[in-house]
Amino acid sequence: MSQLLYEGKAKKMFTTDDPDVLRVEYKNDATAFNGKKKAVFPGKGKLNNAICTKIFHVLKENNLPTHFIEKISETEQLVKAVDIVPIEVVVRNIVAGSLAKRLGLDEGTDLGQTIVEFYYKSDELGDPMINDDHALATKIATEEELAEIRRQALSVNEVLQALFAEAGILLVDFKLEFGKLKSNGGIVLADEISPDTCRLWDKETHEKLDKDVFRRNIADLPETYEKLLSRLEAVK
Ligand code: 5GP
């Protein structure tokens, strides 16, 4: 028996017969600005499932632990059950988005060093930025967990920068979520990595290949995600 466990903006999670395994279904919904902008794009779920599956396979080949088990249909994956650590981890290589706004920097400026930011995962509060001290004092995570999350986030960045570089794409920034495995408490990468959660620019033209095309009304979302998928599929 499969029960709906949780429905988010872009995915639904279902139980399976195995308590350590969940089924994820990618939806066709796109949202931006904390749900204030919404649309449905037929085919989006299928594209994000394919892109995310490719990325999780590459992370696995590079010995990075994730919740991903396997893709089971065009829009579905099986994943390991975790308790999500309520921190959104943003990794930035190039200035864009909220960083450009907050510090008055030009979008596209190379940062020269990677920035890792933590945000407290709360739709109600609009995901406020926090530092390590906030996370420790409020017991959102322990010092060891924060160190492990930061280490894994930086490793994911290295592997994905290399993957996207092979496709002629710059990994500008992205958001990760981590979970503690229900089975043994180990920290693994969870949620998704897709053009919904990354900024990806063509290396030469800086054409946007991510959800900013929807956020900023720049281009058709499914056409953009299709372009990204075919460029990733061309990488061995
Ligand atoms: P920014 O802080 O500039 O808005 O976002 C930085 C990066 O993290 C972008 O790649 C963006 O897609 C991702 N990101 C940050 N917060 C969220 C979120 O709540 N949902 C999703 N899907 N991505 C996010």
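The shown structure was predicted, so the numbers you read here are calculated from the model rather than taken from an experiment. All ligand and atom numbering here is 1-based and tracks the order in the structure. Excluded from the calculations below are hydrogen atoms, water molecules and symmetry mates; all remaining heavy atoms, backbone and side chain alike, are included.
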(request) Counting heavy atoms only, name the option from Met129, Lys175, Lys211 that's nearest to atom 8 (O) of ligand 1. (result) Lys175

(message) As an exercise, identify every atom of ligand 1 less than 4.0 angstrom from a heavy atom of Gly97.
(response) 3 (O)

(request) From the options Asp123, Thr31, Asp196, Asp210, select the one whose nearest heavy atom is closest to atom 23 (N) of ligand 1. (result) Asp196

(request) Name the option, out of Ala32, Ala30, Ser98, Ser194, that contains the heavy atom nearest to atom 1 (P) of ligand 1. (result) Ser98

(message) Strictly distance-based, threshold 3.5 Å: is any side-chain N or O of Lys9 a donor or acceptor partner for the main-chain N or O of Lys38?
(response) no

(request) Flag the pair Gln77 / Thr53 as yes when at least one side-chain heavy-atom distance between them is below 4.5 Å, and no otherwise. (result) yes

(request) Examine the proximity of ligand 1 to Asn34 and report which part, side chain or backbone, both or neither, has a heavy atom under 4.0 Å away. (result) neither

(request) Using a strict cut-off of 4.0 Å, indicate which atoms of ligand 1 neighbour a heavy atom of Phe174. (result) 8 (O), 10 (O)

(request) Identify, for atom 16 (N) of ligand 1, the protein heavy atom at the shortest distance, and state residue, atom and that distance. (result) Glu88 OE1, 3.6 Å

(request) Classify the contact between Val90 and ligand 1 as side chain, backbone, both or neither, using a heavy-atom distance cut-off of under 4.0 Å. (result) side chain

(message) Using a 4.0 Å cutoff against the non-hydrogen atoms of Asp127, which atoms of ligand 1 qualify?
(response) 19 (O)

(request) Please state whether Arg92 comes within less than 4.0 angstrom of ligand 1, counting heavy atoms only. (result) yes

(request) Taking only Lys NZ, Arg NE, NH1 and NH2, and the carboxylate oxygens of Asp or Glu, determine whether Arg231 and Glu207 approach each other closer than 4.0 Å. (result) no

(request) Taking only heavy atoms of Arg215 into account, list the atoms of ligand 1 that are under 4.0 Å away from them. (result) 11 (C), 12 (O)

(message) Distance under 4.0 Å to a non-hydrogen atom of Thr197: what atoms of ligand 1 satisfy this?
(response) 10 (O), 12 (O), 13 (C), 22 (N), 23 (N)

(request) Give the residue and atom name of whichever protein heavy atom lies nearest to atom 10 (O) of ligand 1, and the separation in Å to one decimal. (result) Asp173 OD1, 2.6 Å

(request) For the pair Phe56 and His67, evaluate side chain to side chain contact (heavy atoms under 4.5 Å, CB included) and give the outcome as yes or no after the intermediate values. (result) CA-CA 9 Å; Phe56 276 130; His67 72 157; 3.9 Å; yes

(message) Working to the nearest 0.5 angstrom, can you tell me the gap between Arg151 CZ and Leu64 CG?
(response) 8.0 Å

(request) Test ring-ring contact (aromatic ring centres under 6.0 Å, His included) on Phe41 and Phe214 and set out the steps. (result) CA-CA 11 Å; Phe41 294 104; Phe214 167 68; 5.7 Å; yes

(request) Check ligand 1 against Arg199 and write out every atom of the ligand that is under 4.0 Å from a heavy-atom position of the residue. (result) 1 (P), 3 (O), 4 (O), 5 (O), 6 (C), 9 (C), 10 (O)

(request) Answer side chain, backbone, both or neither: which part of Ala10 comes under 4.0 Å from ligand 1, heavy atoms only. (result) neither

(message) Checking Lys37 against Asn217: is there a side-chain donor and acceptor pair closer than 3.5 Å?
(response) yes

(request) For salt bridge (Lys or Arg N to Asp or Glu O under 4.0 Å), just list the numbers for Asp20 and Lys182, CA-CA rounded to whole Å, side-chain angles, deciding distance to a tenth of an Å, and then say yes or no. (result) CA-CA 6 Å; Asp20 289 335; Lys182 297 260 196 207; over 6 Å; no

(message) With a cutoff of 4.0 Å, is Arg102 in contact with ligand 1, counting heavy atoms of the residue only?
(response) no

(message) For a quick test of reading the model, state the closest non-hydrogen atom pair linking Val235 to Lys54 and the distance between them.
(response) O-NZ, 3.0 Å

(request) Test Lys175 against Glu177 for salt bridge (Lys or Arg N to Asp or Glu O under 4.0 Å), laying out the working first. (result) CA-CA 7 Å; Lys175 185 261 300 181; Glu177 294 185 25; 2.8 Å; yes

